[in-house]
Structures are given as structure tokens and as C-alpha cells.
Protein chains: 2
Amino acid sequence: MFPVVSFHWQVATVKIDLDTVKSYDGEMQKTYHHGDLPAALRTATAELVTEKGPSGFSLREVARRAGVSHAAPAHHFGDAEGLLTSVATEGFSTLADALDAASTGITDARERLNACGTTYVRTALAYPGHFGVIFQSDLINEDDDACLLASMRAYAVLQSTIEMVRDQVNPDLDVDAMATLCWATMQGLVVLAPKLSHVAESTDTALLTLDDLVAQFTDMFIAGCRPSS
Amino acid sequence: MFPVVSFHWQVATVKIDLDTVKSYDGEMQKTYHHGDLPAALRTATAELVTEKGPSGFSLREVARRAGVSHAAPAHHFGDAEGLLTSVATEGFSTLADALDAASTGITDARERLNACGTTYVRTALAYPGHFGVIFQSDLINEDDDACLLASMRAYAVLQSTIEMVRDQVNPDLDVDAMATLCWATMQGLVVLAPKLSHVAESTDTALLTLDDLVAQFTDMFIAGCRPSS
DNA sequence: AGTGGAAACTTACCACTGGAAACATGCAAG
DNA sequence: CTTGCATGTTTCCAGTGGTAAGTTTCCACT
């Protein structure tokens, strides 16, 4: 059963990536009136959340931006929760792709962990709409299969990285616990960063950057994982 | 100027703590109809958010629970943002008090950091309404003076703890960066925990508990802070 | 004591929201 | 060509936040 699900999920991922290309409005999938309304609604949602935050989200405003009536989204996503869950899935999928691309080929555990961390916070900052939906909205369905699978795919990259740390640094490492800690720290940084005055987003200041914090965390993490004996 | 502000804030803190006592409806502050409506609205908000999550919050429902008309809150808090900011302030203040109580008297850096971490996640789990408002709602005014001061008071405890780590473990430690990392990890754990299947809330299972994760983080953090040379 | 004013609250209204139901439209397969 | 169905639209409903105007209660001052 799992391979089948995995297969579906692969297909879904590719489909999402294509859908995300907004300008592409051509001969593909033009099944009906609106080239690809689900994708248009997702991007409209992400943009709206980016502009006004998760609380500024409104099904009607999204529909308005997509140029359809306010009842159209219901036909594809059921309700607001369905649409937001779909956006969250897209976000997880994008994150998983980015983590995959950033970590493949890196054989040094420390380097790879740093690459994952940097990629995580950069992706979160690059897709504030998606991550806002994922972590600041309680209106998504956590049990949705596609969403769960996409998030697990992202988690798997981190997990394999921590396994590499275990293999290279400390054979007794509790991989799940440490992977959880790493994810928690990265997500905490993303949530906390805008609230902290001494953290800057760009590099052109004397302040700490998120990349700096990630690097410091990586160093501390690797050093802290070494066997104590 | 700062001492004055600090004084005001101290007073506000004490007031909030008294207000929080729900059953207390007696002869204090009974300035008008409703013994102490602001406090009642705050607790109603916290309960509502605990039950239905931040997105389930509704000014009218809160007013209904407090037994007043839907326009009454506006008189005390201006709008929904004002009320939520007040709840966030109360949450930060509670956290600061808890961190203070848990860490005073502990002289060993590792022990104290662990106490802070445990207290953080336990407080977050004990006040899900307040923490939900703080970290999952973008409808609070981050620049509010009282809120800022309360959060800074909580941060200060953590900061002094990290300074203790610096003094006892590594004189070259970047205190601000490490304090940020610790806070981020704790908050990340709180946000992530309910989403992770292998983390349990109570201790009566074979799964990891949040306390376990905090302890593992503390050990790793202290070890990782040691000078590399 | 009583009166003016301010504070606390209510009522009435507005534009907006999400969701459901009934209706219309266009494609695709028989 | 026509039947079926996915895709939208229109219309309606209860509920929401915010504002403005009115009402009640308290307090301070004379």
C-alpha cells in the first residue's frame, strides 16, 4: 500500500509544481472556463496571507482576486479549511524539494545539517504565505493525506541528515529526538525572528542574521552531539 | 524614564495576577456594573481560544460569555487587537513569573537552563489560550508597551541564565544568539509537539515527553557550548 | 443635596464573512 | 444530439467586527 500512496504523492508533487507556475496558462489542463482555478486560488491565498497575515485571509477576497464568484472555491476545496490545507501541502512540498536539492551530494554531516537549516529558514522567508498558513493558522486539516505525506517527505530529509550525524559523530544518538529538536529550532527561529530586534533579515547590517543563527546552531548541535565519555 | 516605566509595569503585573483570579468577584475595584470586565474578557478569551483555537476567537462570543453586549469590549480595549494584545501581555507576564520562580536560587547553569526550559513548555501547555494568542494570532499589537515589557521580562530570565552558562562554561559565548536559539527551540517544541506523533503530552506512555526533549536539548546545548579548543 | 460630566454599557446599524441551496453553463461521452 | 456532470453563478442566511447614538450608573464638585 505504501508504494502506491508514495506514487500518488509523487505525481501530486509534480502537478503542484507545474500548477505553481502562474504565467503558464497554456494548452494544458484547460478543462473548463478558468484554465486552472485550484492553482490560481492557492497562489491568491498565498499572496493574500503574505500581504495581510493569516488573519487577513478571506475566502471571498481570494475568489475576488482569482476573478471568480465567492462560491467557486467551495467546488474545488469544499471550504476554507480545504483550500488552506492545499496551500499548506504545497508549502510542505516546496520545502521538501528545497531540502532535497540542498542536501543531496553533501556527505559531511555538519555541512549537510547546516545546508538543511539554511534552506529551511530561507524557504520559510521566501514563502511567508505558505508557512503562515502552515504554522499560524489552525484552520488546516492536519490529517489530510496529501498534507501529511508532503510534511513527512520534508521531515525525512532532516531525519536522514541526523542519521548521518549519528553515523559520523555519535552512534548512540537518538535520531528522532534530535530531528525534532532541529525542526523545532528552525521553526522557532522563523516565528521568533520578526519579533526580535537584534535579528535582521538581510545581511547588510551589523545585526545577527538568520543564517548566522543557523550556523551557530549547527556548530553547537554537532559539538553537543559528541559522546561525553 | 526607564525606572518609571518599569514601575508602572510592576504595578500592571500585580494587577493582572489579581485579575486572573476568576472566582474573586468581591469588593475590589467594583467600579461599575461588572465587577471587573476587562479581566473577565481576558479569561473568556483565553478559554475560548483554548477550546476552539485562535481562529475560533470571536469578539461577540467572548462578550456573550462575559455576559455583556458585543460592543462592551470596545470600550476597554478599542478593538479585537487590543483585547488579544492584553491577553498576550497576561501570558508573557505569567511566563515571566513562572520562569523567575523556577530559576531563582539555582546556581548551576545546566540545572537552571533545564528548569527554564521545562517551565517554558509546561507554562505553554498550561496556558494554551494565552500562548495561542501570542504565537498563532497575528492580530496582536507587537509594539504595545505593556506587552513588550512583559515579554522582555521573560526574555531577561533566559538571558541571565545564558549569561550563567557563559560564566561557567565558555566565556566567549554569544549570549544573545544563544538565548534566541533556546527560546526558539522551546517555542518550536511547543508548536511542533501536537503535530508530532512520537511526542506524548503525559508521562504515562513509552513515547518521548516534552520534558525529555527539553532535557536532551539542555544536555546537548551545554555540551555544545564548551570551547572547542 | 444636587447637578454636571464622564465612564460603562446597550441598541441599532453597516459592510463584510463563510456556507448552503438553487440555478445556469459548457464540455465530453454515449 | 442529448444526457450527465463538473464548473461556476446567484441568492440567501446567520454570524462577525466596528461605529454611532442613546442610556444608565457613578463620581466629583459645589
Side-chain angles (χ1 to χ4, degrees), chain A residues 15 19 25-45 47-49 51-88 133 137-141, chain B residues 15 19 25-45 47-49 51-88 133 137-141:
Chain A
K15 186 170 170 298
D19 291 348
D25 220 21
E27 43 276 286
M28 178 206 66
Q29 256 216 357
K30 201 181 200 89
T31 55
Y32 193 45
H33 295 134
H34 189 298
D36 191 353
L37 183 55
L41 291 172
R42 272 191 295 268
T43 59
T45 299
E47 285 174 5
L48 178 57
V49 173
E51 286 175 28
K52 305 192 181 175
S55 68
F57 166 80
S58 138
L59 207 49
R60 282 171 122 97
E61 174 66 21
V62 166
R64 219 171 286 135
R65 292 186 179 207
V68 292
S69 76
H70 74 272
H75 226 280
H76 294 274
F77 298 105
D79 55 2
E81 181 181 291
L83 171 55
L84 291 172
T85 302
S86 180
V87 173
V133 168
S137 166
D138 50 337
L139 277 179
I140 69 175
N141 178 14
Chain B
K15 184 168 169 300
D19 291 348
D25 220 21
E27 44 276 288
M28 177 205 68
Q29 255 218 358
K30 201 179 199 89
T31 54
Y32 193 46
H33 296 135
H34 190 299
D36 193 352
L37 184 54
L41 291 172
R42 271 190 295 266
T43 59
T45 300
E47 286 174 4
L48 179 57
V49 174
E51 287 175 27
K52 305 192 182 177
S55 69
F57 166 80
S58 139
L59 207 50
R60 281 171 123 96
E61 173 67 20
V62 166
R64 219 171 285 136
R65 291 185 179 207
V68 293
S69 78
H70 74 272
H75 221 276
H76 294 275
F77 298 105
D79 55 2
E81 181 180 290
L83 171 55
L84 291 172
T85 301
S86 181
V87 172
V133 168
S137 167
D138 51 337
L139 277 179
I140 69 177
N141 179 12

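Sequence lines set the chain letters: A, B, ... in the order given, protein chains first and strands last, and positions in each chain run from 1. Bear in mind the structure is a predicted one, so any value in this text is a computation, not a measurement.
- For DNA chain D, the residues of residues 75-83 of chain B within the heavy-atom distance limit of 4.0 Å (strictly under) are B/Asp79, B/Ala80, sorted by number.
- Here the P atom of nucleotide C/dC27 and the CG atom of A/Leu37 are 16 Å apart, to the nearest Å.
- Taking all atoms of both residues into account, the shortest heavy-atom contact from B/Ala88 to B/Ile140 is CB-CD1, 4.0 Å.
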Pairs of donor and acceptor atoms involving the side chains of residues 54-61 of chain A, under 3.5 Å and at least two apart or interchain, shall be tabulated with distances.
unit_1, atom_1, unit_2, atom_2, d
A/Ser55, OG, B/Asp138, OD1, 2.9
A/Ser55, OG, B/Asp138, OD2, 3.1
A/Ser58, OG, A/Arg60, N, 3.3
A/Ser58, OG, A/Glu61, N, 3.0
A/Arg60, NH2, A/His70, NE2, 3.4
A/Glu61, OE1, A/Arg64, NH1, 2.6
A/Glu61, OE2, A/Arg65, NE, 3.0

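- To the nearest angstrom, C1' of C/dA7 lies 15 Å from CG of B/Asp36.
- At the heavy-atom level, B/Ser58 lies under 4.0 Å from the strands shown only through sugar-phosphate atoms.
- Neither OP1 nor OP2 of C/dC16 sits under 4.0 Å from any side-chain N or O of A/Arg64.
- A donor-acceptor pair is defined here as one N or O able to donate and one able to accept, closer than 3.5 Å; such a pair exists between the side chain of B/Thr45 and the backbone of B/Leu41.
- When the options A/Leu48, A/Val87, A/Leu84 are evaluated for a side chain to side chain contact (heavy atoms under 4.5 Å, CB included) with A/Val62, the one that passes is A/Leu48.
- Note: CG (A/Leu139) to C1' (D/dT16) measures 15 Å, nearest angstrom.
- Pairing each heavy atom of A/Ala63 with each of A/Ser69, the nearest pair is CB-O, 3.4 Å.
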Quick one: which protein N/O atoms are closer than 3.5 Å to N/O atoms of nucleotides 12-15 of chain C? Pair and distance per line, please.
unit_1, atom_1, unit_2, atom_2, d
C/dA12, N6, B/His70, NE2, 3.1

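- A donor-acceptor pair under 3.5 Å is absent between the side-chain atoms of B/Ser86 and the main chain of B/Gly82, judged by distance alone.
- For B/Leu59, taking side-chain heavy atoms from C-beta onward, the closest of the listed nucleotides D/dG18, C/dC9, D/dT9 is D/dG18.
- In this entry the distance linking CG of B/Leu48 with P of D/dT16 reads 10 Å, nearest Å.
- Rounding to whole angstrom units, CZ of residue B/Phe57 and C1' of D/dG17 are separated by 10 Å.
- When all heavy atoms of B/Leu37 and B/Val68 are compared, the closest pair comes out as CD1-CG1, 3.9 Å.
- Here the closest non-hydrogen pair linking B/Thr43 and B/Ala40 is OG1-O, 3.0 Å.
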